[in-house]
Protein chains: 2
Amino acid sequence: MSTRSWARSGGSTPSAGRWCISTTSAAFKRERALPRGVRDDEAVEATHPTDGVRTRVNPTASEAAELASDGVDRGALVTLFGRCTVDYEGRAASELGLGDRHVMLKPDGAALVHTDEGQQPVNWQPPGCEHDCRIDDQHLVVESHRSSPEESLVIRFSSVAHAAAFAADDPESLDVVGTEADLKERILSSPELVESGFRPLATERETPAGAVDIYGEDRDGRTVVLELKRRRVGPDAVGQLSRYVEALQRDLHADADVRGILVAPSVTERAEALLAEKGLEFVSLTPQGK
Amino acid sequence: MSTRSWARSGGSTPSAGRWCISTTSAAFKRERALPRGVRDDEAVEATHPTDGVRTRVNPTASEAAELASDGVDRGALVTLFGRCTVDYEGRAASELGLGDRHVMLKPDGAALVHTDEGQQPVNWQPPGCEHDCRIDDQHLVVESHRSSPEESLVIRFSSVAHAAAFAADDPESLDVVGTEADLKERILSSPELVESGFRPLATERETPAGAVDIYGEDRDGRTVVLELKRRRVGPDAVGQLSRYVEALQRDLHADADVRGILVAPSVTERAEALLAEKGLEFVSLTPQGK
DNA sequence: GCCTAGGTCCCGTTA
DNA sequence: TAACGGGGCCTAGGC
């Protein structure tokens, strides 16, 4: 998350200036210029350009383009809602006919097009793109482009119901618990959870087939490879573990005896069958102590 | 995409009514009640409740809660921008301190929290959740909850800079080109692209290890298994193909001779080595004819 | 830049 | 409902 959220990362066409250019705390940290609860009719963009929010309802194409362009230039988070078509071309290609969608342009170059359904955007562009907001044939057109790979997203509005630019200041980063990394820590601090006598020797140990999650020895000194998963696993995880075990067997000696243990909350039936076929083992553990 | 976008799919607390309840074309299809380009101060929510957009700049917590609750009830796409904390608990758990974020509540129950960076939301909830917007200790709190699995997302605002509700009508669905399905069609219509004499016999043929993309015979009548990938592949795809080949060898005869061919634009070095070790083959093909 | 693997992956399809 | 695999996956970490 950026602390200086209004700084443009895309870095093209440095323009007029940014909101709150000289202070780092930005709009939300200073005393509000407006009393709480002002209505749209009181909080016009023109009168409070440094408040961190600029909006327009039912703007003309030109007004929307100006607000969006200015917002992008200032490093704001820009949103548009309206009726549009979306065309994408790059690693794949797609077309989307007219419909009402929510468009978000982020200062890091990401672009998102959301319909009213689904967690995933219907179309998007990853961070690192250049956003271009222009008027084409009297309509607002937003284009988000990047090279390597060459990819372009073109959003053509037939009407814009809402346009907004937000100055975002977000100094915090997310702290997640319950990941595979937590499972790893749990095992490293309590190796006996895997089995009595297990001794971890390395994490991310490299093999010709890739890095092993945890590498160690059992009570009899036999090499043990652990593949960790934070949730119930299917056949893919078995294949992964199998590759590591086979690679290590080749790498150590031709006759090396390497045990492979899949550590996860549970396995599917097919995965269990594959484990049995390959002579691999399973230990049930969750990232949390539950 | 929904044609009746304002219909609530979550289906709880049926309330007052929906925008444009009796027509299916909604706000954007009818003649606009407002001239284009009206300013925020002219387009107040109270005066145009059926125009498909309701917004407030710097609302009080109560006003934001009312707008959001009403929007959710009416099946609108609701957005909030402001300073907030986010707590998630479910399959994993996370905490996020105070910062400026954009929150989107979709009528299908999806919730998205976006910072100014990244294509992915920093926190989210999948479709199927219930959104609850309330006042807690004079602050707006948005909670999105689901059971199976039990998961909850709680967003606590210290201030709301913008609140909006959009009626979204999106009859279109996305049409993508350049997928694995396109590669499959390409091969089925021109099997010789794989190799001269190749004859596809089935797609999605079931094996004990899963469904094979394309199942067929070579010019000598030997069984051939194709694993297709739309892009450059790594070790995982080799493992997948290997599982299918081994399963078929067991399934047909003990001494069955089954060829496995990975079809993709290209492979990584490690994947190539794994292919060689397992006696599998590679054919370079892209979904498009390029 | 590529490679490798994780993800609260999401998502569609099928049994 | 669970399972399985695709995805324009995205994202982080190495090299």
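Chain naming here is simple, since letters A, B, ... match the order of the sequence lines and numbering starts at 1 in each.
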Please say whether more than 12 non-hydrogen atoms of neighbouring residues, nucleotides or ligands are located less than 6.0 Å from CD in B/E269.
no

If you compare every side-chain N and O of B/R91 against the phosphate oxygens of C/dG7 (OP1, OP2), does one of them come in below 4.0 Å?
no

Rounded interatomic separation in angstrom, taking CG from B/N123 and P from C/dG7:
16 Å

Classify the nucleic acid contact of B/P126 as base, sugar-phosphate or nothing, counting any heavy atom under 4.0 Å across all strands shown.
sugar-phosphate

Name the nucleic acid region contacted by B/G178, choosing base, sugar-phosphate or nothing; use a 4.0 angstrom heavy-atom cut-off, strictly under.
nothing

Between A/L226 (CG) and C/dA5 (P), how many Å, whole number?
16 Å

Provide the distance between the two C1' atoms, one in D/dG5 and one in D/dC9, to the nearest whole Å.
13 Å

Could you tell me the separation between the CZ atom of A/R270 and the P atom of C/dT14, rounded to a whole number of Å?
15 Å

Can you check whether A/Q120 has a side-chain N or O nearer than 4.0 Å to OP1 or OP2 of C/dC10?
no

Select from A/V176 and B/A271 the residue whose nearest nucleotide in DNA chain C is closer to the 5' end of that strand.
B/A271

Closer than 4.0 angstrom, basic N to acidic O: yes or no for B/D108 and B/K106?
no

Salt bridge between B/R156 and B/D87, side-chain N to carboxylate O under 4.0 Å?
yes

Does the pair A/Q240 and B/D236 meet the rule for a side-chain contact (heavy atoms from CB on, under 4.5 Å), with working shown?
CA-CA 7 Å; A/Q240 222 179 311; B/D236 53 336; over 6 Å; no

Name the first nucleotide and the last nucleotide along DNA chain D (5' to 3') that come under 4.0 Å of a heavy atom in chain B.
D/dT1 to D/dT11

Toward the 5' end of DNA chain D, which comes first, B/A211 or A/E151, by nearest nucleotide?
B/A211

What is the distance, rounded to the nearest whole Å, between atom CG of A/D175 and atom C1' of C/dT8?
14 Å

Taking the basic N atoms (NZ, or NE/NH1/NH2) and the acidic carboxylate oxygens, is any pair closer than 4.0 Å for B/E227 and B/K229?
yes

Give me the distance, rounded to whole Å, that separates C/dC9 from C/dA5 when you measure between the C1' atoms they each carry.
13 Å

May I have the distance from A/K229 (atom NZ) to C/dG6 (atom C1'), rounded to whole angstrom?
7 Å

Rounded to the Å, how far apart are B/E206 CD and C/dA15 C1'?
9 Å

Side-chain donor-acceptor contact under 3.5 Å, A/H145 with A/S152:
no

Would you indicate what B/P149 reaches in the nucleic acid, counting non-hydrogen atoms under 4.0 angstrom: base, sugar-phosphate, or nothing?
nothing

For D/dT1, the nucleotide meeting Watson-Crick or G-U wobble distances (both under 3.5 Å) is C/dA15

Measure from CZ on A/R230 to P on C/dA5 and round the result to the nearest Å.
19 Å

Separation of C/dG12 atom C1' from B/K184 atom NZ, nearest Å, is 13 Å

Give a yes or no on whether A/E95 atom CD has more than 12 heavy-atom contacts from other residues, nucleotides or ligands under 6.0 Å away.
no

Relative to the 5' end of DNA chain D, which residue comes earlier, A/G234 or B/E180, by the nucleotide with the nearest heavy atom?
A/G234

When you compare D/dC4 with D/dG8, how far apart are their P atoms, in angstrom units rounded to a whole number?
23 Å

Consider only side-chain N and O atoms of B/S266 and B/R232, and report whether a donor and an acceptor are under 3.5 Å apart.
yes

